[in-house]
Number of protein chains: 2
Amino acid sequence: MAPRKDISRESETGTLGKSMALLELVTHAERPMRFTDILALAGQPRGTLHRQLGHLVAEGLLEFAVGGLYAPGLRLLDLASRSWAKNEFRLIAEPHLRHLQQMSGETVHLGVLRETSIIYLDKIEGQQSVRMYSQIGNASPVYCTGVGKVALSILPDDALEALVRSLSFHSYTPQTLVSAEALLTEVAAIRKAGFAFDREEHEPGIRCVAAPIRMEDGSFAGGVSITGPAYRLTLERLEEWAAPLKQTAECIADAMRVRLGPRR
Amino acid sequence: MAPRKDISRESETGTLGKSMALLELVTHAERPMRFTDILALAGQPRGTLHRQLGHLVAEGLLEFAVGGLYAPGLRLLDLASRSWAKNEFRLIAEPHLRHLQQMSGETVHLGVLRETSIIYLDKIEGQQSVRMYSQIGNASPVYCTGVGKVALSILPDDALEALVRSLSFHSYTPQTLVSAEALLTEVAAIRKAGFAFDREEHEPGIRCVAAPIRMEDGSFAGGVSITGPAYRLTLERLEEWAAPLKQTAECIADAMRVRLGPRR
DNA sequence: AAATTGAGTTCCAAATAATGGAAAATCGGG
DNA sequence: CCCGATTTTCCATTATTTGGAACTCAATTT
């Protein structure tokens, strides 16, 4: 009923690709940008750039504030909010995340691998509500987060190799793994253990333990983690959660298979 | 230094516009869609549609799941998360929202008017964390939310008239205002009072009180609100918060002027 | 087993939209 | 009120998109 070819990394995305590159540029900037700032970075002729920005503004993807400043548009929020709310993987995982949160009392994350980053799909906190969006949706490095490392650990060797070679490492903390070799060694260890630690590798004072969620067809790679402050969470304590975490991850994978398999 | 013409509703957005319409179509759907489903709704020839979808997938704006199903892509989350995190208006308002939350103990919302909807930019809850994204970023109707109605109340007459005439009303609850006339009457009353109630007009059992945040140049319209369950919040109780709410809204507006005025 | 149906994918000449260099309009400050 | 910096408009050229039809593949029917 449904033929499937290799759609992936093929060819160009034409005009859309150019627009998205521009959108990304503005969205990644620290602050709203002036036309000239963008011109310098975008490497396109004035006329072209001006029209492209005009289109992005007209579509609500960018905002054109007083003073001639371009900033990310709010339509992005609406689009994202909708896609998040209906994301099947997240919906399936949610009750399991809640369960983990209650068991541990700490913050639980759900993330998936996209390109060379981890995107957090959900986050369940214990106490005070506080900032959420600041994590959900965030693209974080694979090589220094628990979820990232477990995601790597379930990739086939060739994909893992290719991905790791393409990374550029940044030393967020003294513990961050900053070489392909160190990372590959760590991944080998994680494959054996079936779970990973984040030993304050991304943020000082923050530790976590993570387990992979794997589909045998390799159609996707993600993970769950339990995160908290180092003063409260020793590695021993985290390790106690490894077993239930692995089990929960397996439950989520099972639930996915049920959902995706039969009823398509 | 910065010329400013009326950029608005002018002309087309060419190829980008078509792509966005398609993205919106898939994002608004209840569930992932098959090619044929989209074909029926998009009103475009097969070949064209196929290439456009391919581009959207290649850009990560859509996902192409097994079984040939198209679903919203995760890149949207990343883009939105970034734009939210840096949104100046939200950053400025946040401490004030927190203050309101503490004063009332109830949930506080911040929203702005975009086109004919309210987009929630932030939400601060009292107790249990629970779902956040399910509100932030959501586009909600103007005519039956506190923030929506106060936003309308600060529009110039002609803009108000035009916007209200273009609305299509849906009766969410028995209390929902479902005619342009009723809404305009309500707005007139809100203009006098300087604040608005939501008397279970959007969700049964949910009330709120809202105040407008206004820039005299009309460059934007938004508001703050305090929301909670009807059994706990009588209109009298809500009215007690009207004064501090109005004051806070004014503080936010002042802070905006400081930020936008001098330092551009 | 062969034929048919329904769904998705590919192709390419014609139509449309994007490009980009340069000129014109506009703002802010001295 | 004029100057220099910045943004916006213009339009002939060029590149991309368009869309009808043909093709592929898998599942269902004859």
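What you see is a predicted model, and the numbers here were worked out from it, not measured in a lab. Each chain gets a letter, A, B and so on, in the order the sequences are listed, and its residues count up from 1.
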For [X] and [N], give me the distance from atom [atom1] to atom [atom2], rounded to whole Å.
| X | N | atom1 | atom2 | result |
| --- | --- | --- | --- | --- |
| H55(A) | dT16(C) | NE2 | P | 17 Å |
| L16(B) | dA18(C) | CG | P | 9 Å |
| M33(A) | dT6(D) | CE | P | 14 Å |
| R51(A) | dT8(D) | CZ | P | 14 Å |
| L49(B) | dG20(D) | CG | C1' | 14 Å |
| L22(B) | dT18(D) | CG | C1' | 14 Å |
| R34(B) | dG6(C) | CZ | P | 12 Å |

Are the side chains of D122(B) and N87(B) in touch, meaning some heavy atoms are under 4.5 Å apart?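 When only atoms from C-beta onward are counted, N87(B) and D122(B) do not touch, as no gap falls below 4.5 Å.
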Residue pair H50(A) / L39(A), side-chain heavy-atom distance below 4.5 Å: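 Counting from C-beta outward, H50(A) and L39(A) never come under 4.5 Å.
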Any [X] side-chain N or O less than 4.0 Å from OP1/OP2 of [N]:
| X | N | answer |
| --- | --- | --- |
| H50(B) | dG8(C) | no |
| T48(B) | dT17(D) | no |
| T15(A) | dT17(D) | yes |

Side chain of [X] (C-beta onward), nearest among [options]:
| X | options | value |
| --- | --- | --- |
| K18(B) | dT18(D), dT8(D), dT19(C) | dT18(D) |
| F35(B) | dT18(D), dT8(D), dG8(C) | dG8(C) |
| Q52(A) | dA17(C), dT19(C), dG8(C) | dT19(C) |

Shortest non-hydrogen contact from I124(B) to E94(B)?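 Nearest pair, atom of I124(B) first, then E94(B): CD1-O, 4.4 Å.
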Testing the basics here: between A80(B) and L77(A), what is the closest heavy-atom pair and its distance to 0.1 Å?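 In this case the closest contact between A80(B) and L77(A) is O-CD2, 3.8 Å.
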Point-to-point distance, once rounded to the nearest 0.5 Å, from OG of S140(A) to CD1 of I118(A):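 Going from OG on S140(A) over to CD1 on I118(A), the span is 8.0 Å.
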Could you check L79(B) against R75(B) for side-chain contact (heavy atoms from CB on, under 4.5 Å), going step by step and ending with a plain yes or no? CA-CA 6 Å; L79(B) 288 167; R75(B) 186 174 181 189; 4.2 Å; yes
Relative to the ring of Y70(B), is the ring of F35(B) parallel (under 30°), tilted (30 to 60°) or perpendicular (over 60°)?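 Aromatic pair F35(B)/Y70(B) classed tilted.
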Got a sec? Which of residues 37-47 of chain B come in under 4.0 Å of DNA chain C, heavy atoms? R46(B), G47(B)
